[in-house]
Amino acid sequence: MSEHLPILMVLVPLLSAPLVVFIKHRKASRVIATLACALSACAAWTLALQMSSAVSYPLGGWRPAIGIELRVDFAGAYVAAIVSTIATFAISLGTRGTREDVVGREMFFYAAFLMCVAGLMGMVVTGDAFNVFVFLEISSLSTYTLVAMGKERRALTAALNYLFLGTLGGTFVLIGIGLMYQMTGTLNAAAVSARIREVEHLRTTHVAFAFLAVGLGIKLAVFPLHQWLPGAYSQAPHAVSSFLAGTATKVMYFQLIRVVVSFFGVAYVFDTLHFGDFLLPLSLVAMFAGSLSAIFQPSLRRLLAYSSIGQVGYLTLALSLGTEAGLNAGLLHLGAHAVTKTALFLIAAAFIAQVGDDRLDRLSGLGKRYPLLSLGFVLGGLSLIGVPGTVGFVSKWALLEAVLAGGRPWLAFLILASSMLAVVYVFRVVEVLYFRAPLANAPPLARERADWGSWVPAGLLVLVSVGLGVWSELPSEYVATAAQSLFGGAR
Amino acid sequence: METAITVVLFVLLLATAIILGRQRNLFAASMLTGIFSLVSAGLFTVMEAVDVAFTEAAVGAGISTVLMLATLSLTEDVEAREKKISWPALAVVVLTGGALIYGTLDMPNFGDPHAVVHGEIARYYIDRSWDEIGLPNMVTSILASYRGSDTFGELGVVFVAGTSVLLLLGGRRSELPASGESPGHERPSSRPPGKRHAHVREMPVVRTVAKVMLPYIVLFAFYVQAHGDFGPGGGFQAGVILATAFILFGLVFGPQELVRHVPPERLERIMAVGLMIYGGVGVVAMLLGGQFLAYGVFTPSHPSHGHHYGIFMVELGVGITVSAVMIIIYATFATRRPSLAPQVVLDAEDRCETEVSADDVPLVPEERALRSGADLLAEGAAGTDAASEVPS
Amino acid sequence: MITDVLHVIGAFFVVVGALFCVIGGIGVIRLPDFYSRCHGSGITDSAGAGALLLGLMFFAPPLVAFKLLALVAFLWVSSTVSTHSLAKAAYSQGVRIENVPRKDWTIAPPPPPAAEDAVLADAASAADPEEPA
Amino acid sequence: MTLPNVWNYWAVVVLMMVGLYIVIAKPNYVKKLMGLSLFQVSVIMLYVSMGRVTGGTAPIYILDDGAPRPFVLYTNPVPHVLMLTAIVVGIATTAVGLALVVRIREAYGSSEEDVVAELDRREVEAANALAAQRAAESDASSATAAHAGASHEEHA
Amino acid sequence: MSQSLGVGVALGLPVVGAALVALAGKRPNVREAVTGLTGLATFVAVAALYPAVVAGRLPELQLVEAMLPGVPLMFRVEPLGMLYALVAAGLWPVTSAYAAGYLREHHEQNQTRFFVCFALSIFAALGIAFAGNLATLFLFYEVLTLATFPLVTHHQTPEAQRAGRVYLGILMGTSVCFLLLAIAFTYYAAGTLDFVPGGILRGHVATSSLPLLLALFVYGCGKAALMPLHRWLPNAMVAPTPVSALLHAVAVVKAGVFAILKIVVYVFGLDLLRDTGASDWLMFMASVTILLASLIAFKQDNLKARLAYSTISQLAYIVLGAAMVTPDAILGGGLHIATHAVGKITLFFCAGAIIVTAHKTEVSQLDGLGKKMPITMAAFLIGSLSIIGLPPTGGSWSKWLLALGAAEQSPVLVGVLMLSSLLGIGYLLPIPLRAFFFDPPASPAREHGHGHGHDHDHGHAQDHEHGEAHPLMLVPLSLTAVGCLLLFFYSQHVVALLRPLVTP
């Protein structure tokens, strides 16, 4: 049974979606959905912990290059474990924050959510270029709909804008895959990387990589192509915004790493194409612009969305170094940011559940009223800044080491300067929470513990982020082996 | 000869695309989209891609045009105003196009048999797929067996599309008319009284011919489903054609009639059943010791038979889900009661906006809750609690 | 020998079919108002496509020839009905021959619109029939 | 440098760019969706023209009494398989897009991107103005409360 | 290494104290008692480590094997850390008693949060004192900033929030941008972050970049309030006086200079700096800070602001000591941590007492106050003497050692020391002297006649019959005054404790 783990991770959520629609029972669909995510998470964790080398699972029984092969290496298992765990946390919020007319039809909401999870998990484990596009489309399509389920009418426009940009991104990826197939004649990752050597000098190969990079860049919300992210994350229902914040951009980032490392090869991408020199300025701009605009946002979730754009800047910066240490830092930051940002969005959801709106002026003075939630936000915020003792610090430290090893100390200073901006917007919220008198004419506030479901997952994730901050050898060793196996000492 | 036809088709396609861009009347534009798909299906046939041509014709020309027309009946059918050429868009387009053209410079000649792309896996499929799977139509054998997971994912996409449309538009179905189905206009059309079409239902000629043609379309759909192994066809095309038959029924006899005969609740279940059949076949293969979707294990003695059964079952699952989804999507669009919210139009200077009210049909209570744009702004200006006061 | 004769007949029908399509096309462009243009497009559907398919039957093996025959029958039924429904819908929307300005009236100018047509008349003006946008 | 015979791809690229232009430039959402389907159909053309082999027949075995005739040149079937998926993805995205456009038309009263963006902007402005007004109110009331509270501090 | 348990107890006690205080939230007496008890217990636990440190067996405790790849969360108590811990733990019970009285008198809100943060700050200070490597030091350095932030913005008034923003901005900014960068660079260059007597950078860093690295470290420790980055200290005076007393005279600022001393001794190593002369620029900057801060202190009429600027100049003494790198200078700097702490806390206690009882905050209002508050003014006199460095108080010894060190370097530095002592006399001594020998300002109400409404008298009348400060405040400030005197006689113990620092 255990050799079927790679496909089970994807199959369980994917098949429980039609099951939920078939059963059409409102309460049962939520239980099935949570169970499916939990099972997928268990499969991912067992695979991650017990695998000694990269696992290959030939679908349909065909030889890898002929049929489609699921290829899970350490990094893939790491990302899959994170995605499925965060999905389990997010789904437990259920249909909070969705529109009224979803009431009779929760089963479709859960089906779309499960398909989104299956899509993302599929993207992480598959080793075939076109299969990546198919799972990309599954997850994107369900994401557009889930975002449109938000309470306000602005969710609809956010979803449609996301659809246009997302589909353009997907189609760019499709063009990239097509050109890559034309140049190498095969779609399997290992086969492509073997054949890419002969066609490295051809212009079509350069253009293929360019389209793949731009397509994934749109899905990754790299700076100039990020317009869809703030609206989508701030208008989506709670479960969806928490899930997306933690996983969507992270899986696309992992896919960009796979394209750079497994498909095209690091030597080609960084030496002939000088992709690093192109990606570095973009990520610096993203880091500063994202955090800067986060400072001036009126509502909590928009603030967190813009901070996500800033954090994506760190991810792409790590990749642009083109060294194994950079990759290690990128993967670590991927995990750290996933945990932290999901915790923060869950807390924002808990606030909205109590206060009805996440505009900052509505949250003033909640520190006294909801001490635990506010403390959770403070710890999450600290992890976002990268204060020692939180998992954010571990990944920022790895990034600093990678940058210094790359011989660019001025870059290290820029990283720290941009995390100063994070200090500003986190403590802006802290000030609103703790040091402002509550609104005189605010409606009466429900007791904090009234709504278990919304803050227990948040609390757990905050504890994880602080715990991993101190006992950091668990993630960093695993990620180091993942980066080493992925990188194979190419540079 | 072939290049001559290709040139003509490309010119036709380009003309259609350009006119589509400039056309302000959206009904005409949707027709042009249908023409574009049909001509591209022609081009695919010329390029010997028969399966793709069949699907493109069925899906592109058939379903997407019908959906666009259904949408236009619920929204405006004329584009607001002719926007001048937007230079940033042109810049992006020229840049992307330039990159692609730059990419084509090193491509092998069009149709060159010794190109790399025909080497690797294509050579394997052409040489070995008859022995390993034994289906004349290579595309179906690759589609369903070699790259079975792709099609499984694709079916997932179709399922998500169905679920999404149900989630988005399933909310407000117009109530089924009382017992006696008056052939008149149950659906208050959003058009001013004078401009209402004579509904298709009063056209006896169309009703009788439709009654005659429907069985043949359904029969053809089943033919395409079964014929997938031998010629162009398969689950997708069959599902779409079956759906077209039901859509024709819905168009001619009215969406209420369609919903009465094919209730959406049952359709939603059928939609899920198809995907579960496909997944089920894969899981059975796993239980019998092979990998997911390894049909060979069904009949260990000679695996190609296993593949036949596997592919047939899988194609059946695909056909079921695709037909159910396409019907559901059409039914949801057709039975969605238009909200009759007055159309908000920005005047030339983008500042104040004038409201062109479609007609004076009173808003239905639920629409009050949805608060169309105009009322909201009026309230906002008046300073009372605007949208932000969401009932917590 | 016999096949050459069949091919010649077939080629003849194909050419005739193509000719009808061209005539239909010109008809759609040149004819002034909606209904005559409907007539033009009708020609390409029935006569043009019909003759073309008929001509191809002479080239194709028997099974394919039968399929083409079924196709001809199907085409003739569906295209005529669609033209009919198009015309009826246009009529119900108030498209009238006389509303179209015409240089040389071979027939007498239309009587002033009677009362019962008033509703349809103003609708017609509102609907601004088929202006090539 | 001899230009390879790739005018076929250029035609496809031109169609693609017309589609892309419509998506980016046209404000009407339905027109954008049409542009999007144009863009996707032309990508399908790129794949299919990639797989074309001059003189090759359709990728269906020509059977002579049960066995495929040897030495027949077939076109490359793999792009056709991939494109079946792309077509279905295109129609799925169009269907979801159209459903969203209908909902937006109902909620906003318009299906034009610039009108909807304008309405959104005004809604946010109204919300901000309301928040500022409420903050001013609460400051005023809390100031009075603080003053009243000054005389009898509670020993927390 | 049985001592590792001792280190754990010493660190754990404040946290337990904080938790207990949080639990005893609503009952003030229980809360104050708990704080006082934990303060004493912590002092005892820290003192218990003293014999082991003096004997050279440095107690060690490793909590987490690898907080960062290859860097454990590890504590090792070396002499300098011992001194700082003793100072912080010693003064904590005294301050908590004082705070109880002050808050009672001053009717503050949410005092629970005050005491919890107080305990956490001490926990962080001890963490910094005992830190075994740079990463642990940085961790507790940040915890100290975060623990003291709510104390600075305690009043929740707009000015308090603005002060909090400046406080956090500068401290967090300098620590993240400079200190973390320096630590990362050290780890990258030296491969380890442990504090090793004699330094870890020898041979790993190009001599040309040593001054830059030192600058990053020094300005990274924003808490040392060196001149360009000192603005947060005067702003933080808006906090209640016990906060200014313990934190901004003892725990927080001392953390900054303590970190600088530790880095100079254990990361760079004295001989490395002496050979490369990398710290010469620091001597110049420290002297500029000393003089400039003393000058600004002159024109500060507000009592607490004047004390704040005097703190900035005194801290620069210690940084100067570190920069001079000669053994005497290091010993002087270390001793000055203790003497300045005790002296400055006395002054702040007196200032607090004056504010609460006499409701006077400006220096000009203090004439003739000695008659009403003799003990407070006497303590203020003793504190001032210690700060200036005159004989009967401990401050003289540390000034003396610093002067010896300066003599080895250059006569200019000796001049700077002497000039700053003069300036110190200028802005500190007149306060107690005017309080004792000048008569209180003629009360303006009398000449204006009785036209005024009675409320004016009410304010004025209350001014007359106040006597000495509340005993809960009087006892701590006299204790610390006595402490200044004791340090004069027993400073050789402190010097003996620090001796292993400088002996190779």
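- The stretch residues 70-77 of chain C places C/Phe74, C/Val77 near chain B, each with some heavy atom under 4.5 Å from a heavy atom of that chain.
- Residues B/Phe10 and B/Leu13 form a side-chain contact, since some pair of their non-hydrogen atoms from C-beta on lies under 4.5 Å apart.
- Taking 4.5 Å as the limit, every side-chain heavy atom of B/Val205 sits out of range of all side-chain heavy atoms of C/Ser85.
- Scanning both residues, B/Leu74 and B/Phe333, for their nearest heavy atoms gives CD1-O, 3.7 Å.
- In this structure the side chain of B/Ile63 reaches within 4.5 angstrom of the side chain of B/Ile247, judged on heavy atoms.
- Residues of residues 210-229 of chain B placed with any heavy atom under 4.5 Å of a heavy atom in chain C are listed by number as B/Met213, B/Tyr223.
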**Item:** Steps toward ring-ring contact (aromatic ring centres under 6.0 Å, His included) verdict (B/His261, B/Phe253)
**Value:** CA-CA 11 Å; B/His261 282 280; B/Phe253 296 98; 8.5 Å; no

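- Atoms CG and OG1, on B/Leu26 and B/Thr75 in that order, are 7.0 Å from each other to the nearest 0.5 Å.
- At least one side-chain heavy atom of C/Tyr91 sits under 4.5 Å from a side-chain heavy atom of C/Tyr35.
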**Prompt:** Can C/His7 and C/Phe59 be said to form a ring-ring contact (aromatic ring centres under 6.0 Å, His included), step by step?
**Reply:** CA-CA 6 Å; C/His7 285 190; C/Phe59 290 91; 5.0 Å; yes

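- Residue B/Leu14 holds its CG atom at 12.5 Å from CG of B/Leu9, rounded to the nearest 0.5 Å.
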